[in-house]
Number of protein chains: 2
Amino acid sequence: MTLIPHRTVASQLAVHLRAELKKGTWRGWLPSERVLSRTLQASRNTVRAALEQLKADGLIEPVRGLGNRVVGTAKPAIVEHQTRTVGVLIPEPIGHLRPLIALWIDELKDLLIEEGYRLRIHEGRQCYQTNPARALDRLIGQHAHSAWVVTLSSEAMQRWFARRNTPCLVAGSTYPDIALPHYDLDYRAICRHAAGILLRAGHRHLALLNRESRRAGDVDSERGFVEGVSRSPHRDATAVIAYHRDDVDSVARALRTLFDQKNPPTALVVSNSYAYLSTASVLAQRGLRVPQDISLISRDDDPFLASLVPEPARYRVDPHSFAKKIVGSLLQMLNRSTSLRSPAPLLPKFAAGGSTAPRQ
Amino acid sequence: MTLIPHRTVASQLAVHLRAELKKGTWRGWLPSERVLSRTLQASRNTVRAALEQLKADGLIEPVRGLGNRVVGTAKPAIVEHQTRTVGVLIPEPIGHLRPLIALWIDELKDLLIEEGYRLRIHEGRQCYQTNPARALDRLIGQHAHSAWVVTLSSEAMQRWFARRNTPCLVAGSTYPDIALPHYDLDYRAICRHAAGILLRAGHRHLALLNRESRRAGDVDSERGFVEGVSRSPHRDATAVIAYHRDDVDSVARALRTLFDQKNPPTALVVSNSYAYLSTASVLAQRGLRVPQDISLISRDDDPFLASLVPEPARYRVDPHSFAKKIVGSLLQMLNRSTSLRSPAPLLPKFAAGGSTAPRQ
DNA sequence: GGGCAGTGGATCTATTATTGAACCGCCAAC
DNA sequence: GTTGGCGGTTCAATAATAGATCCACTGCCC
């Protein structure tokens with residue numbers, strides 16, 4: 001599999017070269033890249049990719065016009081015997097997270113074990129507060145992981161990690177001007193699409209039920225949702241956004257404010273599958289029926305949604321492929337093969353379900 | 001460095017598979033190509049390319065419709081328990097299981113790694129059919145695990161394992177005359193308790209929505225439920241049991257037969273949290289309100305239930321302590337220190353929630 | 001006997017790694 | 001200064017791989 005770096009030719013060459021260096025085959029300067037390319041039976045590009053890894057480890061130092069100088073031989077031993085663990089930062093006990101998140105973290109654990117890494121889960125509620133610096137300092141200082149995977153991260157957390165050179169992968173979206181490697185769903189496109197679906201079904205008063213905390217993904221959602229409505233040909237279409245926290249009551253409150261107004265929405269996009277459950281049951285208590293009285297779309301997926309009647313229209317994600325992308329980026333980062341580009345965000349497939357209907 | 005492409009993934013896999021074959025990891029038949037592709041993290045095409053090399057070496061012999069047969073019957077290597085792995089047998093992909101089950105399997109994985117064991121998850125739908133002997137023969141024969149953990153097991157499966165001396169722990173209840181070590185919740189006590197709660201609230205027509213498959217835990221539930229009603233001082237109390245499968249439609253059908261009869265129940269115990277979701281939403285569609293029109297209790301717990309309005313009355317379980325019990329029994333079994341007694345079944349705490357009300 | 005789920009066999013497309021070849025600016029030596 | 005070799009960069013073509021979809025075959029269950 002090409003995503004796993006050590007299976008690529010470049011990484012195999014890097015391993016080989018590291019061994020040769022350690023043996024002391026070359027002192028002073030490496031053979032030129034063109035020569036290496038010939039002796040190692042690989043193209044110069046591939047050799048260069050391998051050399052890049054050695055450079056990142058501080059073993060060699062390329063000098064323009066001269067060659068690759070051998071620098072230090074002490075380092076690699078330390079690199080080898082490093083802990084080889086990866087930390088995952090989550091805000092709550094894993095049992096409280098959404099099942100889909102638990103699933104991909106689980107997959108990530110398996111994939112990393114296969115690669116010789118152990119995954120350590122850190123439930124650090126303090127790191128998710130408004131000023132996380134102290135908590136993060138302590139946590140990251142205490143645990144010498146090879147890399148960190150940060151889930152559900154706040155802007156302050158992302159800024160903190162961006163300032164350090166701790167290897168860090170954001171599982172989720174990043175805020176506009178933060179240059180951290182990240183991987184997430186394309187929430188902007190999702191919500192734009194959801195708005196389009198509802199508008200085409202004849203709805204004109206749409207609402208987005210969004211998390212109050214405004215994580216990057218939520219901001220993107222909002223942006224996409226508003227775009228979807230404002231760029232539509234329907235000039236009479238309106239978009240309202242209501243905010244909720246993670247508890248049931250706040251969802252109920254948000255719904256009350258939405259539906260107690262004069263011109264209540266006829267279609268709702270819910271940004272979170274737990275909130276979808278709350279929404280569906282609160283609407284049922286108010287005597288509103290899905291989809292006859294109101295159409296619902298869930299932005300997030302979770303296995304339990306399949307047990308609802310009607311089945312929620314939602315954007316389906318495969319936790320396995322999500323975990324694979326994450327682990328791919330992670331290993332790339334751990335092997336320092338190249339400077340990491342964030343993979344393109346994932347655009348999940350829309351499953352129509354039965355929770356939307358044309359406006360009556 | 002040879003010119004033979006040692007560097008392609010396919011060739012690396014071939015090397016790896018050759019080594020595994022020599023070790024005697026698989027006897028008789030190789031795992032199916034699709035399974036190999038998953039465990040080896042490579043596409044089936046690549047796996048097939050690797051298998052082709054083994055075939056050319058005469059190590060395996062593919063049989064259409066059956067699998068890849070191991071030919072070179074060198075010798076049953078004596079490396080029996082060097083593997084130090086534990087197999088978990090589940091009927092569906094882990095993402096389809098209830099989150100709570102996924103959670104304790106996850107915990108189990110962590111705890112076992114700490115003990116030096118690897119957990120291998122086997123999704124064997126065939127092993128859950130009416131006659132699982134063949135599928136089990138093949139699965140258990142193929143994988144030389146130190147022990148097996150069997151979840152959601154049928155009676156036939158338990159009998160199969162009881163006849164062997166394969167170390168096996170049943171995660172769940174056992175059928176009456178089967179002497180396998182097991183650990184589960186005390187479903188009999190739970191359902192007896194649930195019936196008592198509803199009777200004390202004035203309900204007289206109770207129903208239990210139970211799984212059709214009648215696993216041991218479901219049988220216990222039924223027994224406890226009937227006991228709870230029949231032993232009550234209320235002579236006019238009746239207990240009905242309706243059966244459903246694991247799909248939403250069958251739950252809807254079961255509910256229809258319950259509520260279309262002349263004297264419908266006013267209180268319902270649902271044996272499964274997914275079925276609880278289906279039940280709640282079907283009732284909402286019929287215009288019945290919880291708890292005003294009907295009281296509900298969920299026998300099983302799952303995190304997502306907390307997002308429902310009203311919050312379901314249910315029996316709460318801590319997946320961590322459940323996993324610890326399982327791993328405790330398992331390690332006792334693996335170390336063969338003493339003959340294993342099954343730990344006492346767990347009686348979880350009742351959380352009242354808001355889904356029950358006195359009969360109007 | 002038919003339906004069904006699982007198997008290897010085969011094929012297709014999209015993505016990615018790798019190749020092989022340009023060209024650039026830099027360096028030291030002639 | 002010129003020259004040839006060096007690393008740095010880019011590019012298009014190619015090979016490997018992933019991932020999906022069919023097929024024919026097998027055995028089990030109904």
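Convention: sequence-line order gives letters A, B, ...; per-chain numbering from 1. This is a predicted model, so every value here is computed, not measured.
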Between [X] and [N], does any side-chain N or O lie under 4.0 Å from OP1 or OP2?
X       : N      : result
B:Lys55 : C:dG8  : no
A:Ser43 : C:dT19 : yes
A:Ser32 : D:dC6  : yes
B:Thr46 : D:dA18 : yes

Result block: side-chain N/O donor-acceptor pairs under 3.5 angstrom for residues 119-132 of chain B, not counting sequence neighbours:
residue, atom, partner, partner atom, Å
B:His122, NE2, B:His145, NE2, 2.8
B:Tyr128, OH, B:Leu89, O, 3.0
B:Tyr128, OH, B:Thr151, O, 2.7

Letter per nucleotide, 5' to 3', of nucleotides 23-30 of chain C [B base touched, S only sugar-phosphate touched, - untouched; heavy atoms, 4.0 Å]: B-SBSS--
d([atom1], [X]; [atom2], [N]) in whole Å:
X        : N      : atom1 : atom2 : result
A:Leu331 : C:dT16 : CG    : P     : 16 Å
A:Glu33  : D:dT9  : CD    : C1'   : 11 Å
B:Gln53  : D:dA16 : CD    : C1'   : 13 Å
B:Leu40  : D:dA18 : CG    : C1'   : 14 Å
A:Asp318 : D:dA20 : CG    : P     : 8 Å
A:Gln41  : C:dA17 : CD    : P     : 22 Å
A:Trp29  : D:dG7  : CH2   : P     : 9 Å
A:Arg38  : C:dT18 : CZ    : C1'   : 19 Å

Would you tell me whether A:Ser32 and A:Arg34 have side-chain atoms, one donor and one acceptor, within less than 3.5 Å of each other?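 No, no side-chain donor-acceptor pair sits under 3.5 Å.
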Which residues share a salt bridge (charged side-chain N to carboxylate O under 4.0 Å, His left out) with A:Arg64, sequence neighbours left out: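 Partners of A:Arg64 by the salt bridge (charged side-chain N to carboxylate O under 4.0 Å, His left out) criterion come out as none, since no residue qualifies.
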Could you check which of D:dA18, D:dG8, C:dT18 has an atom nearest any side-chain atom of A:Arg48?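 Per side-chain heavy atoms of A:Arg48, the pick is D:dG8.
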Apply side chain to side chain contact (heavy atoms under 4.5 Å, CB included) to the pair B:Trp29 and B:Leu66, showing each step before the final yes or no. CA-CA 9 Å; B:Trp29 297 88; B:Leu66 291 180; 3.9 Å; yes
If the threshold is 4.0 Å, N to carboxylate O, is there a salt bridge linking B:Arg256 and B:Asp249?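 Result for this pair is no, no salt bridge flagged.
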Do B:Arg214 and B:Asp220 sit within salt-bridge range, that is, some charged N less than 4.0 Å from a carboxylate O?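 Salt bridge flag = no for B:Asp220 with B:Arg214.
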List every contact pair, protein side and nucleotides 28-30 of chain D side both N or O, where the distance is under 3.5 Å.
residue, atom, partner, partner atom, Å
D:dC28, OP1, B:Arg134, NE, 3.1
D:dC29, OP1, B:Asn131, N, 2.9
D:dC29, OP1, B:Asn131, O, 3.0

Heavy atoms only, 4.0 Å cut-off, all strands: where does B:Ala49 land among base, sugar-phosphate and nothing?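 Here B:Ala49 touches no strand at all.
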Remember a base hit wins even if backbone is also touched, and classify B:Ala135 as base, sugar-phosphate or nothing at under 4.0 Å, heavy atoms.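 The answer is nothing, as B:Ala135 stays clear of every strand by at least 4.0 Å.
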Test of understanding: with side-chain hydrogen bond (donor to acceptor under 3.5 Å, both in side chains), list the residues that count as partners of A:Asp106, not counting sequence neighbours.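 Partners of A:Asp106 by the side-chain hydrogen bond (donor to acceptor under 3.5 Å, both in side chains) criterion, ordered by chain and then number, come out as B:Lys109.
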With side-chain hydrogen bond (donor to acceptor under 3.5 Å, both in side chains) as the test, pick out the partner of A:Ser273 among A:Asp300, A:Asp302, A:Asp301.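 Testing each of A:Asp300, A:Asp302, A:Asp301 against A:Ser273, the sole residue satisfying side-chain hydrogen bond (donor to acceptor under 3.5 Å, both in side chains) is A:Asp302.
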Which residues pass the ring-ring contact (aromatic ring centres under 6.0 Å, His included) test with A:Tyr315, not counting sequence neighbours?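 ring-ring contact (aromatic ring centres under 6.0 Å, His included) list for A:Tyr315, sorted by chain: A:His193, A:Phe350.
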Any N or O donor-acceptor pair under 3.5 Å from the base of C:dT18 to the side chain of A:Asn45?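 Checked by distance alone, the answer is no.
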Would you check if the side chain of A:Ser321 reaches a backbone N or O of A:Asp318 as a donor-acceptor pair within less than 3.5 Å?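 Checked: pair present.
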